[in-house]
Amino acid sequence: MPAARYRVRLMAAIPDKPSLDGIETPLIERWERDGTYRFDRSATRDQVFAIDTPPPTVSGSLHVGHVFSYTQTDTVARYQRMIGKKVFYPIGWDDNGLATERRVQNFYSVRCDSSLAYEPGYQPPFRGDAPKGTQEIPVSRPNFVELCKELVAQDEAVFEDLFRRLGLSFDWSYLYTTIGDHCIRTSQQAFLRNLARGEAYLQEAPTQWDVDYRTAVAQAEMEDREMPGAYHLIAFARTDGLGDVTIDTTRPELLAACVALVAHPTDERYQPLFGTTVRTPLFDVEVPIVAHHLADPEKGTGIAMICTFGDTTDITWWRELNLPTRPIVGWDGRLLSAEREWITTAAGQGAYGELAGKSVKQAQAKIVELLTSSGALHDDIRPIKHPVKFYERGDRPLEIVTTRQWYIRNGGRAADINEALRARGRELTFYPNHMWHRYDNWVENLAGDWLISRQRFFGVPFPVWYALDAEGVPLHDAPIVPDEADLPIDPSTETPPGFTADQRGRPGGFIGDPDIMDTWATSSLTPEIAGHWVDDPDLFARVFPMDIRAQAHDIIRTWLFATVVRSHHEFASLPFKGATLSGWILDPDRKKMSKSKGNVVTPMHLLEQYGSDAVRYWAANARLGTDTAFDEGQMKIGRKLSNKLLNAAKFVLSFPPIGGGVAIDDPVDLSMIAKLDAVIVEATTAFEAMDYARALERTESLFWWFCDDYIELVKARGYEGDGSALKSLRYALHAFLRLFAPFLPFATEEVWGWWQQGSVHNATWPTVSGLEGDPAILDAAGFVLAQIRGAKTTAKVSQKAAVALVEIAATQAFLDTVDPATDDISTAGTVARYRLIETDSDPVVNVVLEPTQVSSGASG
RNA sequence: GGGCGCAUAGCUCAGUUGGUUAGAGCACCUGGUUUACAUCCAGGGUGUCGGGGGUUCGAGUCCCUCUGUGCCCACCA
C-alpha cells in the first residue's frame with residue numbers, strides 16, 4: 001500500500017461547546033478508511049515493532065478484564081508507532097475448543113458423532129433456545145464444525161465492534177481465527193515438524209481424564225478443588241493367616257483395582273510384612289506388600305493401597321515397582337462391565353458384578369455396603385475435606401485412565417530440554433521482572449511431557465493416519481503423514497497417500513487419527529500464525545521473533561510456556577523478546593472478577609457511559625502485573641481529563657496562529673517549555689520500559705499544571721497578542737496532544753483535526769525542544785501566585801480582587817528567579833505593586849489587598 | 001511445604017539509583033467563579049510510610065526478622 005495516503009480534508013471548525021459525546025464512531029470509520037493502523041510490510045525487521053496479542057476465547061462475551069489488558073498493550077503499540085516503528089499488531093479469535101463445542105451443542109441441540117458421514121447443506125432444526133428436554137441430534141464432525149463456525153462468526157462480530165470502539169489500533173487485515181484453515185495448516189505443519197524431529201510422540205499411558213468431556217487433560221489445565229470425602233479403614237487378610245492389615249483410603253470403590261499395599265521401607269510396623277501377601281476383601285485377589293519411599297508413615301495407618309489408578313502417586317508406584325495394571329474405571333467414569341480377569345473366585349466376580357456399570361460415586365456407596373456386611377470395613381468412616389484434581393472446566397473429579405495420547409516434549413521428562421527451556425526463560429524480558437519466577441518455577445517442576453491430544457471434535461485434527469494390519473489392528477508405531485503442501489487435512493474425511501477411500505476402517509486399509517489438538521497446541525503458535533510462517537516467509541522474516549507478547553499472568557504456565565516450547569523446537573529461538581504481564585481486575589471487594597461470581601460489568605455499557613478514552617484512562621493507570629480494583633471513579637477522572645483537553649485546546653486555538661518568524665523568547669515561556677521537555681524525557685523513558693502508567697501520570701500532572709498555572713499566567717499576554725506566549729501555547733498543545741495520544745486516542749484525534757493535517761496517531765512522538773529555559777522561574781512564580789490566591793481565599797474575596805502590594809522577602813537568588821515572571825503574576829493576580837526585600841531565609845510573601853476589596857464581613 | 005507479590009492519608013494509589021518539611025486524585029469542608037472547561041479554580045492533611053532490629057551523616061526507599069494479606073506451585077492413601 002502507499003506509504004502515506006493523505007486525504008484532503010477541510011479543517012474541522014472548533015465547536016463552541018466541544019463534547020466527547022459521539023466522537024468515537026466517526027473517528028473509528030476514518031481510521032479504517034485511511035488505514036491509520038495498517039502495517040507497512042515493506043519495513044525490515046529492525047524497523048518493525050511486532051506484538052503477539054492474545055486471541056480472546058469466543059464463547060460469549062468480553063468483560064472489563066479484556067478492556068483493561070488490551071488497552072494497556074494498545075498504549076505501547078501507539079507509542080511505538082509514533083516513534084517511527086512500523087507496528088505489526090494483529091488480532092485473532094480463539095474460536096476452537098471445548099467452550100465453543102459446548103455452546104454449539106446447547107444452541108442447536110446437536111451432538112457430534114464422528115462416525116457419521118457429512119451431509120452437505122445440513123440445517124439444524126433448532127436455533128437459539130432449543131426446547132428443553134429436546135433429544136440432541138447426532139451430526140457428523142464436518143457438519144458440527146460448520147455449525148461451530150456459523151455461531152462463532154456472530155460472536156466475533158460483537159467482539160470486533162467492542163475492540164474498535166475501545167480504540168484498539170489493530171491492523172484488522174491480519175485477523176485470524178483459530179478454527180480457520182490458516183491456523184489449522186499452521187498447527188498441522190508445526191506438529192508434523194515436531195513429529196519428524198521426534199519432539200512429538202504417541203504413547204499409551206495412564207492419563208488424567210475428564211469423564212464428562214471424555215477427553216484427556218494436560219497438567220497445565222488441572223486445578224485443585226476442596227471436596228468432601230471420607231476415610232475408610234479396610235482390613236486385608238494376610239495369606240499367612242496371621243491376622244489382618246488395615247489400610248485407610250478415601251477411594252474404597254477402587255478396591256477391585258488394587259495391585260499392592262505399600263509402606264515406607266523404614267516403617268518398623270510393616271517391615272516384617274514386606275514380601276508377604278494379603279487378599280483383598282470381597283474380591284479375594286492376592287496382592288503383595290511392598291516398600292517405597294513415597295509411602296508416608298504419618299498418613300492413615302501408614303500403609304496404603306495401590307490401585308490402577310487412584311492418583312498420580314499410584315502411577316509412580318505402578319511404574320517404579322513394576323506392578324500389574326487392573327483398570328476398572330472406563331472412559332465414561334463408570335466401572336467397566338466386562339469381567340475382570342484377575343478376579344477369579346465366584347464370590348469376587350459376584351461382588352464386582354454388583355459394581356460394574358455404576359458411576360464412581362454410586363460404586364463407592366455400593367462397596368461400602370458390601371464391605372460393611374462382609375465385616376472388612378471398620379464402621380468409623382471419617383468425613384474430611386480434601387483437595388481433588390479437576391479439569392479446570394470440568395464438573396467431576398478427574399479419573400486416571402490408560403489411553404493412547406500425543407505428547408510434545410517440553411522438558412517434563414528430559415533434563416536437557418528442561419534446562420534449555422529454563423534458559424529461554426532467562427533470555428526473555430518479563431514486565432514486570434518478577435514474573436520470570438512463575439515461568440521458571442513451572443518449568444522446573446514439570447511432571448511430564450505436554451499432552452496435546454483431546455478426544456473432542458471441534459479443533460485441529462492430527463494430520464496422521466494409521467495403516468490397519470490383516471486383523472484390522474492400527475499400526476500406531478508408524479503413522480502415515482501427508483505432504484506439508486496438502487495441509488490442512490482432515491484424516492477423518494481425506495485418504496492417505498497410497499490408499500483409496502473405501503479402504504477406510506478395513507483390515508489392510510487405514511484409519512484416521514480420531515483426535516484433535518488441544519487449543520493451547522494451536523495458540524502456542526500465535527506468532528507463527530499471525531506472522532504467516534507457513535505461507536508468507538517474507539512477512540514472517542519481518543516480524544519474527546516478535547517484540548512483545550502481551551498476556552495475563554495466570555497463563556504463564558500455559559500460553560507463554562507453550563509458545564516458548566514450540567518456538568524453541570522449530571526455530572531454536574524465543575518467539576518474542578519480551579512479555580508484558582497484565583494484572584487482573586478485582587471487584588471493589590478485592591475479589592477476582594469472574595463470570596461465575598456474577599460480578600462482571602459489561603464493557604460496552606461503560607464505553608457508552610464514560611466514553612472510550614475515559615475507560616482507557618482507567619486501564620492505563622494500572623501498572624503491569626498489578627491487580628486493580630474496578631473503579632468507575634477513575635473513569636470519571638478520565639472523562640474530566642479528556643474534557644479538559646478539548647476545552648484547553650479550544651482556548652489555546654482561539655488565539656490567532658502566529659507566523660513562523662516569531663521566537664519563543666520570554667523566560668516564563670521558556671521555563672514552561674523546560675518543564676515540558678523534562679516530561680517528554682520522562683514519558684519516553686517510561687514507555688521504553690513498558691511503563692505506560694508512569695508516562696500517563698507525568699503527562700497528566702504537567703497538563704493540569706499547564707492549565708491551572710501557566711495558561712492563567714500568560715493569558716493576558718495572549719490577549720495582547722504577545723508572540724512568545726501565543727507560540728508557546730500552541731507548541732505545548734501540539735506536544736500534549738501527542739503525549740496523550742496513546743491513552744486518549746479519540747479526544748486527541750478530535751483536537752488534532754481542528755488544526756493539523758493527518759492523524760495524531762501517525763504523528764511523531766514529541767522530542768525535546770532544544771531551547772534553554774529555567775523551570776525554577778515558574779516554580780517561583782507558582783509559589784508567589786499561590787500566596788496571592790491563598791490571601792484572597794482567606795479574605796473570602798474573588799480571585800479577581802485587586803492587590804495593592806505584594807511584598808516578597810527572600811534570597812537574592814529567589815528574587816532574581818521570580819523577577820521575569822512578575823509582570824505575568826501581576827496580570828494573573830491583579831497586583832498593583834511589588835516590594836522585593838532581600839533576606840537570607842526562605843521566601844515569605846505578604847499580600848496586601850486593596851481595602852475596597854475586603855468584604856465587610858471580614859474581621860478587623 | 002516451596003516460590004512470588006503486596007502492606008504509604010477515610011478510599012484508590014504514586015514515590016526511579018537512599019538526600020530538604022512524604023505526595024496526587026477521589027471523598028469531605030470553606031470560599032470564589034460561571035463568556036476555555038455539562039463546570040472550573042483557590043484554600044483546608046496530628047500519615048506510628050504494617051511491627052521490631054540493623055547498615056548509614058541521613059531510610060518510605062537497602063539488609064535481617066516478625067505479622068497480616070494475596071497469588072502460583074506441590075502435597076492429595
Side-chain angles (χ1 to χ4, degrees), chain A residues 14 16-21 219 224 226-227 229 231-232 234 247-252 254 261-263 294-296 299-307 310-314 317 384 386-389 397 432 434-442 444-447 553-554 556-557 583-584 586 588 590-592 618 621-623 625-629 631 633-634 636-637 639-641 643-655 682 685-686 689 691 693-694 697-698 700-701 704 707-709 711-712 715 785-786 788-801 842 855:
Chain A
I14 303 173
D16 286 340
K17 283 271 175 198
S19 169
L20 298 166
D21 293 326
Q219 184 191 356
D224 288 347
E226 202 66 33
M227 296 294 288
Y231 280 111
H232 300 72
I234 300 173
I247 60 102
D248 214 356
T249 181
T250 57
R251 305 226 32 202
L254 296 181
L261 302 189
V262 64
L294 281 180
D296 184 353
K299 277 188 184 157
T301 57
I303 187 161
M305 148 173 104
I306 303 175
C307 303
D311 62 31
T312 50
T313 319
D314 281 341
W317 281 326
I384 53 154
H386 64 154
V388 177
K389 285 233 179 296
H434 66 80
M435 291 295 178
W436 166 78
H437 291 281
R438 299 205 183 180
Y439 175 95
D440 196 58
N441 216 297
W442 175 256
E444 186 184 6
N445 295 308
L446 284 168
H553 58 67
D554 54 337
I556 289 173
R557 64 175 177 162
W584 281 335
L586 308 173
R590 312 297 296 173
K591 298 282 187 292
K592 186 191 172 188
W618 159 72
N621 251 294
R623 295 181 333 285
T626 307
D627 295 346
T628 301
D631 184 2
Q634 284 296 112
K636 288 179 186 157
I637 298 165
R639 184 165 180 91
K640 276 167 64 173
L641 174 63
N643 190 51
K644 188 79 172 178
L645 188 61
L646 293 188
N647 283 290
K650 177 198 159 191
F651 183 64
V652 168
L653 296 175
S654 70
F655 295 112
E682 277 188 278
T685 308
D691 193 355
R694 183 172 182 81
E697 190 266 321
R698 301 308 301 148
E700 181 190 11
S701 172
W704 283 101
C707 291
D708 296 345
D709 280 16
I711 290 184
E712 290 303 320
K715 222 178 202 175
L785 196 58
I788 296 168
R789 286 165 166 170
K792 291 177 181 177
T793 299
T794 306
K796 300 193 175 184
V797 297
S798 161
Q799 290 296 329
K800 288 176 180 165
D842 288 341
S855 68

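Letters A, B, ... mirror the listed sequences (proteins, then strands); counts begin at 1.
One P atom belongs to B/rG10, the other to B/rC73, and the distance between them is 36 Å to the nearest Å. Across B/rG53 and B/rU12, the matching P atoms stand 29 Å from one another, rounded to whole Å. Between the P atoms of B/rU39 and B/rG52, the separation comes to 45 Å (whole Å). Nucleotides B/rC41 and B/rA36 are separated by 14 Å at their P atoms, to the nearest Å. As rounded to the nearest Å, B/rC13 and B/rU20 have C1' atoms that lie 24 Å from one another. Spacing between B/rG25 and B/rA9 at atom C1', rounded to whole Å, works out to 12 Å. Comparing the same atom, P, in B/rU33 and in B/rU17 gives a spacing of 45 Å after rounding to whole Å. Atom C1' of B/rU48 sits at a distance of 15 Å from the matching atom of B/rU67, rounded to the whole Å.
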remark   = Read 5' to 3' with Watson-Crick or G-U pairs under 3.5 Å, [ ] for crossing pairs and | for partners on another strand, RNA chain B gives (((((((..((((.....[...)))).(((((.......))))).....(((((..]....))))))))))))....
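Residue A/Glu444 contributes atom CD, which lies 19 Å from atom P of B/rC72 at whole-angstrom precision. Atom CZ in A/Phe651 sits about 10 Å away from atom P in B/rC37, given to the nearest Å. At whole-Å resolution of the value, CD1 in A/Ile306 and C1' in B/rA77 are 10 Å apart. Put simply, NE2 on A/His232 is 19 Å from P on B/rC76, counting in whole angstrom units. Between A/Asp440 atom CG and B/rG3 atom C1' the separation is 10 Å, expressed in whole Å. We find that CG of A/Leu646 is positioned 10 Å from P of B/rA38, with the value rounded to whole Å. As rounded to whole Å, 13 Å separates atom P of B/rU33 from atom NZ of A/Lys796. In this structure, A/Arg557 atom CZ and B/rC4 atom P are separated by 18 Å, rounded to whole Å.
Nearest nucleotide to the A/Lys800 side chain, out of B/rU34, B/rG32, B/rA77: B/rU34. Comparing atom distances between the A/Asn445 side chain and each of B/rA42, B/rC73, B/rA36 picks out B/rC73 as nearest. Nearest to the side chain of A/Gln219, among B/rC75, B/rA74, B/rG3, sits B/rA74. Residue A/Lys17 has its side chain nearest to B/rA38 when only B/rA38, B/rA77, B/rG32 are considered. Here the nucleotide nearest the side chain of A/Lys644, chosen from B/rA77, B/rU16, B/rC40, is B/rC40. If you check B/rA36, B/rU12, B/rC72 against the side chain of A/Asn647, the one that comes closest is B/rA36. Of all nucleotides listed (B/rG2, B/rC75, B/rA77), B/rG2 comes nearest to the side chain of A/Asn441. With distances taken from any side-chain atom of A/His434 to the nucleotides B/rU12, B/rC75, B/rC4, the minimum falls on B/rC4. Each of B/rG43, B/rA77, B/rA36 was ranked by its minimum atom distance to the side chain of A/Ala786; first place goes to B/rG43. Residue A/His437 has its side chain nearest to B/rG3 when only B/rG3, B/rC76, B/rC37 are considered.
In terms of phosphate contacts, A/Thr793 brings no side-chain nitrogen or oxygen within less than 4.0 Å of OP1 or OP2 of B/rG32. At B/rC76, one or more side-chain N or O atoms of A/Thr313 fall inside 4.0 Å of OP1 or OP2 (strictly under the cut-off).
Residue contacts shown for A/Ser654 are absent, as no nucleic acid heavy atom lies under 4.0 Å away. Note on A/Asp314: nothing from the nucleic acid sits closer than 4.0 angstrom, heavy atoms only. Residue A/Trp704 is in sugar-phosphate contact alone, with no base atom involved, counting any heavy-atom pair closer than 4.0 Å across all strands shown. A/Cys707 comes within 4.0 angstrom of a nucleotide base, judged by non-hydrogen atoms across all strands.
Along RNA chain B, the nucleotide nearest to A/Val388 and the one nearest to A/Thr626 differ in position, and the one closer to the 5' end is contacted by A/Thr626. In terms of position along RNA chain B, the nucleotide closest to A/Ser19 lies nearer the 5' end than the nucleotide closest to the other residue of the pair A/Ser19 and A/Pro387.
Remark: A/Phe655 engages A/Phe651, A/Tyr719 in a ring-ring contact (aromatic ring centres under 6.0 Å, His included) (not counting sequence neighbours).
In this structure, A/Tyr231 OH and A/Thr250 OG1 are separated by 7.0 Å, a value rounded to the nearest 0.5 Å. Of the inter-residue distances, the one linking A/Ile306 atom CD1 with A/Leu254 atom CG reads 13.0 Å to the nearest 0.5 angstrom. Taking CZ of A/Arg438 as the start and CZ of A/Arg557 as the end, the distance is 11.0 Å to the nearest 0.5 Å. Interatomic distance, CG of A/Asp314 versus CE of A/Met305, reported as 8.5 Å (0.5 Å rounding).
Looking at A/Asn643, its side chain never comes within 3.5 Å of a backbone N or O of A/Arg639 through a donor-acceptor pair. Within the 3.5 Å criterion, the main-chain N or O of A/Glu697 finds no donor-acceptor partner in the side chain of A/Ser701. With A/Thr626 contributing its side chain and A/Ala622 its backbone, the two residues share no donor-acceptor pair below 3.5 Å.
The two residues A/Lys644 and A/Cys707 come nearest to each other via the heavy atoms CE-CB, 3.6 Å. A/Thr313 and A/Leu294 make their closest contact through CG2-CD1, 4.1 Å (heavy atoms, listed as atom of the first residue, atom of the second, distance).
You won't find any donor-acceptor pair under 3.5 Å spanning the side chain of A/Asp708 and the base of B/rC40, going by distance alone.
Looking at A/Asp224 and A/Lys389, a side-chain N of the basic residue comes within less than 4.0 Å of a carboxylate O on the acidic one, giving a salt bridge.
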Pick out the pairs of N or O atoms, protein on one side and nucleotides 19-26 of chain B on the other, that lie under 3.5 Å.
residue : atom : partner  : partner atom : Å
B/rC26  : OP1  : A/Lys640 : NZ           : 3.2

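Side-chain polar atoms of A/Thr628 and A/Gln634 form no donor-acceptor pair below 3.5 angstrom.
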query = Would A/His437 and A/Asp440 count as a side-chain contact (heavy atoms from CB on, under 4.5 Å) if you check the C-alpha gap in whole Å, the side-chain angles of each, and the deciding distance to 0.1 Å?
reply = CA-CA 5 Å; A/His437 291 281; A/Asp440 196 58; 5.7 Å; no
